[in-house]
Number of protein chains: 2
Amino acid sequence: MTYQPDEIDSMLRDAGIRVTSQRRTVIAALVQSHDHPTAEDVHARAKTVDRSVSFATVYRALATLVDAAIVQRISVDDGPSRFEMAPKTEHDHLVDVDNGEVLELASEELAALRSRLAAELGYEILSHHSVLRVRKLQKL
Amino acid sequence: MTYQPDEIDSMLRDAGIRVTSQRRTVIAALVQSHDHPTAEDVHARAKTVDRSVSFATVYRALATLVDAAIVQRISVDDGPSRFEMAPKTEHDHLVDVDNGEVLELASEELAALRSRLAAELGYEILSHHSVLRVRKLQKL
DNA sequence: CTTGGTGCAAATGATTTGCAAGCCT
DNA sequence: AGGCTTGCAAATCATTTGCACCAAG
């Protein structure tokens, strides 16, 4: 999935937030990262593009972008929050307990079941955050 | 669900960790709490039983108990971790975005689907942590 | 212009840790 | 006895905030 430079600007404008070079940089860092970076990682990557971006700005940008549903926050039980571009298709995260690897599980079926169950309780789901701690099955 | 006093001791012994009055107190506080308390809440409740329990001990006890799978940690995106006795039946958590209320959704069907999907990817699920941000549906 | 955004450094909140003393096995 | 636990206070880690300046609409 690639983004055109002005595609990023549109995302910001559409969300009604100002377009700044720092936000562009943060988004660019996230777009290129497929490893669910922490705020610190994002800052490090953003700095390779613009040495002057501060930590505070990265945190503020991430918070703003999460609010705008452009970015998604993933909290693993311990350790800092991780971030990724908001997925078009919702998915769960599998964290391999042996090596810390994070992979994604997208299932239409799972999403449908979840909303059905929530609806039965009288709720609509705004967003979800699901982390499964897993271990590789033995090869037989 | 009630626990006998010595049932708690057995849980600790079975997990191979020492039985201390502080750990008993922490567990007792959790058993009586059905509101997913934070570490601070647990500390406050524990102190009503034993004024001398320290914050550090509560944190250490909770960490130990989570390791031993006696207690489960629930992390909501912002704000401190919350805790509950490890459920016999796994469930998801619904967080009402309007009032912060946390309720539980237990579904055999959901659990089954999740493990099936994980298995298809070659993984077994050790535990899961799923938080749905929800809003009450309008009454029609 | 005017409001929102930024950098810096200091502040905060949650959780962890070093150390000396105490309790469990 | 010997090691795991505790309490206390200080330390750490992630994240947030106050403030003066700058930039976007």
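Proteins get letters first, then strands, A, B, ... in listed order; numbering begins at 1 in each.
Remark: of the listed residues Glu84(B), Gln72(B), Glu101(B), Glu84(B) is the sole one forming a side-chain hydrogen bond (donor to acceptor under 3.5 Å, both in side chains) with His36(B). With respect to Arg23(A), the side-chain contact (heavy atoms from CB on, under 4.5 Å) criterion is satisfied by exactly one of Arg18(A), Arg60(A), Met11(A): Arg18(A). For the side-chain contact (heavy atoms from CB on, under 4.5 Å) test with Leu132(A), the passing option among Glu124(B), His129(B), His128(B) is His128(B); the others fail.
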Find every protein N or O atom lying less than 3.5 Å from an N or O atom of nucleotides 22-25 of chain C, and list the pairs.
residue: dC24(C); atom: O2; partner: Arg18(B); partner atom: NH1; Å: 3.4
residue: dT25(C); atom: OP1; partner: Val19(B); partner atom: N; Å: 3.4

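Taking atom CG of residue Leu65(A) and atom C1' of nucleotide dT6(C), one finds them 15 Å apart after rounding to whole Å. As a whole-Å value, the separation of Arg51(A) CZ from dT6(C) P is 19 Å. Look at CZ on Arg24(A): it is 11 Å from C1' on dA24(D), rounded to the nearest Å. Atom pair Asp67(A):CG and dG4(C):P shows a separation of 15 Å (rounding to whole Å applied). Regarding Ile74(B), its CD1 atom lies at a distance of 17 Å from the P atom of dA14(C), rounded to whole Å. We find that NE2 of His43(B) is positioned 9 Å from P of dC8(D), with the value rounded to whole Å.
Remark: Asp96(A) does not engage Arg135(A) in a salt bridge, criterion side-chain N to carboxylate O under 4.0 Å. We find that Arg45(B) and Asp50(B) are not joined by a salt bridge, their nearest charged nitrogen and carboxylate oxygen being 4.0 Å or further apart.
Below 30°, between 30° and 60°, or above 60°: for His91(A) and His93(A) the angle between ring planes is above 60°, a perpendicular geometry.
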### Message
Run Leu113(A) and Glu109(A) through side chain to side chain contact (heavy atoms under 4.5 Å, CB included) and show every step you take.
### Response
CA-CA 6 Å; Leu113(A) 176 55; Glu109(A) 203 180 348; over 6 Å; no
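Contacts of Thr38(B) with the nucleic acid, taken as non-hydrogen atoms under 4.0 Å apart, are absent. Within 4.0 Å of Ser81(B), counting heavy atoms only, lie sugar-phosphate atoms of the nucleic acid but no base atom. As judged by a 4.0 angstrom heavy-atom cut-off over every strand, Gln22(B) is placed among residues touching the sugar-phosphate backbone only.
Remark: the Arg60(A) side chain and the dG4(C) base include no donor-acceptor N/O pair separated by less than 3.5 Å.
Phosphate contact (OP1/OP2 of dT6(C), side-chain N/O of Thr57(A), threshold under 4.0 Å): absent. Phosphate proximity of dT15(C) to Tyr59(B): present, with a side-chain N or O under 4.0 Å from OP1 or OP2.
Checked against dG7(D), dT6(C), dT6(D), the side chain of Arg23(A) finds its nearest nucleotide in dT6(C).
Nucleotides of DNA chain C nearest to Gly79(B) and Ala56(B) differ in position, and the one nearer the 5' end is that of Gly79(B). Nearer to the 5' terminus of DNA chain C, by closest-nucleotide assignment, is the contact made by Ser52(A) (compared with the other of Phe55(B) and Ser52(A)).
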